[in-house]
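Down below is the structure, laid out as C-alpha cells.
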2 protein chains.
Amino acid sequence: MNTYSIGEVARKMGLTVEAIRYYDHAGLLPFVKRDSGGRRRFTEDNMQLMQMILDLKRAGVSIKEIAYFVSWRMDGDDSLGQRYDFLDQHEKNLEDQIQTLEKSLSYLRFKKWYYKTALEAGTEQIHLMPDSTQVNPKTYKKYQSLINSGKSAKSLGDK
Amino acid sequence: MNTYSIGEVARKMGLTVEAIRYYDHAGLLPFVKRDSGGRRRFTEDNMQLMQMILDLKRAGVSIKEIAYFVSWRMDGDDSLGQRYDFLDQHEKNLEDQIQTLEKSLSYLRFKKWYYKTALEAGTEQIHLMPDSTQVNPKTYKKYQSLINSGKSAKSLGDK
DNA sequence: ATTTGACCTGTACTTAGCTTCAGGTGATAT
DNA sequence: ATATCACCTGAAGCTAAGTACAGGTCAAAT
C-alpha cells in the first residue's frame, strides 16, 4: 500500500505543511502512522478522512468540534447517533448562515442601486432628507416598488 | 433633537458598550459628537449610520474596510464611485460565500443520510470497503440515485 | 564525506475582534 | 456629603487558526 508524506499531502490538498501539523496537534489526525524515522505517512484511507475534515471546516465547523467528531469516529458504531446529531445541528447552523447572508446580499444590492442612481444624479442628495445625512423614506419606497414591478434585485444596481 | 448615550445605543442595537467604543476607536464612528463632559451623544442620524455599519459587518466586511467606507462617506459626493465599486466587490464576495455554504450544506446532508442509514443498519460497515475505513463508492452512487429519483436532499437524512 | 532537502519538535509571534481591568470624572439619589 | 452609576481612557488579556523560527534527525546526491 503506497503512502504519502506530509509534503505530498499538503500539495494535493492545497494546505501548508505547518497547517497539517497544527491539525495533528489539535487532535484531528490521530489515525496517521509514523515511519521508522518518526515521519508521518498518510494512506489513501487517511486522505479521505483528511478530506472529510476539510469539508467540515469549509462548513464552518471549528477545529475543536471536528476533533470531537474524529474521536467519536475512533469509538466505532457506538457513536453513530452522536455523529448524526452533530451533523444535524450543523445543518441547521449552515441553513441559518445562508439565510443571514441572503439578507445581507439584498441589503448590499439596495445600496448598489442607491449609489448607482446617486452617481447618475451626480449627488447623494437625491436620497437624503433636507439638511441631514439621513436617508429619505421615499428612497426605500422607490426601490421597493422597482423590486415589486418584477425587476431582479441583482440587476437593479448594475451600471 | 434628542440624542442617545452609548448605553442606550448598546441596548437598542444589541451590542456591548465596549464594542461600540472599540468601533469608535477603529474609526467607524467619526461622526459621533461629545457632550460637555466628554460623553458620546448619538443622534437618530448617527444611529442610521451605525445600523449601516452593522449591516456591512453582517455581510462579512471587516472593520478596517468599513472604516474606509465610512471615511469615503465623509468625503461627500466625490467618493460615490468608490463606494459603488466597494459594494460591487462585496456583492461578489457574498455570492461566492453563499455558493460555498450551499456546497457544504449538500455535503452535510449526504453525511446525515449516511449516518441515518448506518444507524438503521446498526453499523457503519454497510458503507465501508471490506477491511478498511474507506467509504465504498457504491454508497455515493446509492445516494446520487436517490437524489436523482426526485427526493429532496433536505429530507433524505431526516430520522 | 559533506551538504542538501524534507522532515521533526517546541515555542513564540500574528491578526481580528473583541473583553477585562485599573484608575478617573461627573451627575444624581439618599 | 457620600455613595452609586454611567460614562471616560489606556493598556493588557483572550480565542481561533494558523505562521515563523530555532535547533535537531535522517536519507539521498555530489
Side-chain angles (χ1 to χ4, degrees), chain A residues 2-43 46-47 50-70 90 93 97 100 104, chain B residues 2-43 46-47 50-70 90 93 97 100 104:
Chain A
N2 73 321
T3 60
Y4 306 94
S5 72
I6 194 171
E8 286 168 323
V9 174
R11 245 166 286 129
K12 278 184 199 250
M13 302 284 203
L15 296 168
T16 65
V17 167
E18 290 74 21
I20 297 176
R21 285 204 275 251
Y22 173 77
Y23 295 155
D24 193 3
H25 198 73
L28 267 53
L29 312 173
F31 42 78
V32 175
K33 300 285 183 296
R34 306 294 184 109
D35 69 11
S36 59
R39 293 184 211 99
R40 293 170 185 83
R41 298 306 312 182
F42 294 75
T43 64
N46 292 170
M47 299 281 271
M50 187 90 190
Q51 187 55 58
M52 183 199 74
I53 287 168
L54 297 185
D55 286 329
L56 288 174
K57 265 183 60 61
R58 195 185 56 178
V61 182
S62 75
I63 283 189
K64 202 179 270 186
E65 287 192 288
I66 297 174
Y68 280 116
F69 191 80
V70 167
H90 275 290
N93 291 163
Q97 276 181 57
T100 301
S104 301
Chain B
N2 73 321
T3 59
Y4 306 94
S5 71
I6 194 170
E8 287 167 324
V9 174
R11 245 165 288 131
K12 279 183 200 251
M13 302 284 202
L15 295 169
T16 66
V17 167
E18 290 74 22
I20 297 175
R21 284 203 275 252
Y22 173 79
Y23 295 155
D24 192 3
H25 198 73
L28 266 53
L29 311 173
F31 43 77
V32 175
K33 300 284 182 298
R34 306 295 184 109
D35 69 11
S36 60
R39 292 183 212 98
R40 292 170 186 83
R41 298 306 311 183
F42 294 74
T43 65
N46 292 170
M47 299 281 270
M50 187 89 188
Q51 187 56 58
M52 183 200 73
I53 287 168
L54 296 185
D55 286 330
L56 288 174
K57 264 183 60 61
R58 195 185 55 177
V61 183
S62 74
I63 284 188
K64 203 180 268 184
E65 287 191 288
I66 297 174
Y68 280 116
F69 191 79
V70 167
H90 276 289
N93 290 164
Q97 276 182 58
T100 301
S104 300

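Letters A, B, ... mirror the listed sequences (proteins, then strands); counts begin at 1.
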_Sugar-phosphate, base or nothing in reach of B:G38, heavy atoms under 4.0 Å_ = sugar-phosphate

*Starting at atom CG of A:D24, determine the distance to atom C1' of C:dG10, rounded to an integer number of angstrom.*
14 Å

*Which listed nucleotide (D:dG18, D:dT9, C:dC8) is nearest to the side chain of B:R40?*
D:dT9

_Just to be sure I understand the rule, does B:G7 reach a base, reach only the sugar-phosphate, or reach nothing, if contact means heavy atoms closer than 4.0 Å?_
sugar-phosphate

*Euclidean distance, atom CG of residue B:D35 to atom P of C:dT25 [Å, nearest integer]*: 16 Å

*For C:dA6, does OP1 or OP2 lie under 4.0 Å from any side-chain N or O of A:S5?*
no

_I want to verify a distance call: between D:dA17, C:dC18, C:dC7, whose nearest atom is closest to the B:A19 side chain?_
C:dC18

*Do B:N46 side-chain atoms and B:T43 backbone N/O form a donor-acceptor pair below 3.5 Å?*
yes

*Assign B:R34 to base, sugar-phosphate, or nothing according to its heavy-atom contacts below 4.0 angstrom with the strands shown.*
sugar-phosphate

*asked:* Rounded to whole Å, please give me the gap between CZ in B:R39 and P in D:dA6.
replied: 12 Å

*A:E18 CD - C:dT11 C1' separation (whole Å)*: 14 Å

*How close or far is atom P of C:dT9 from atom CG of A:L29, stated in whole angstroms?*
12 Å

*Using atom NZ of A:K57 as one end and atom C1' of D:dA17 as the other, report the distance to the nearest whole Å.*
7 Å

*Can you tell me if the side-chain N/O atoms of A:Y23 get under 4.0 Å from OP1 or OP2 in D:dG18?*
yes

*Among residues 58-70 of chain B, which residues get a heavy atom nearer than 4.0 Å to DNA chain C?*
B:S62, B:I63, B:K64

_Nearest whole Å is fine: how far is C:dA6 C1' from A:Y4 OH?_
18 Å

*Starting at atom CZ of B:R41, determine the distance to atom P of C:dA27, rounded to an integer number of angstrom.*
13 Å

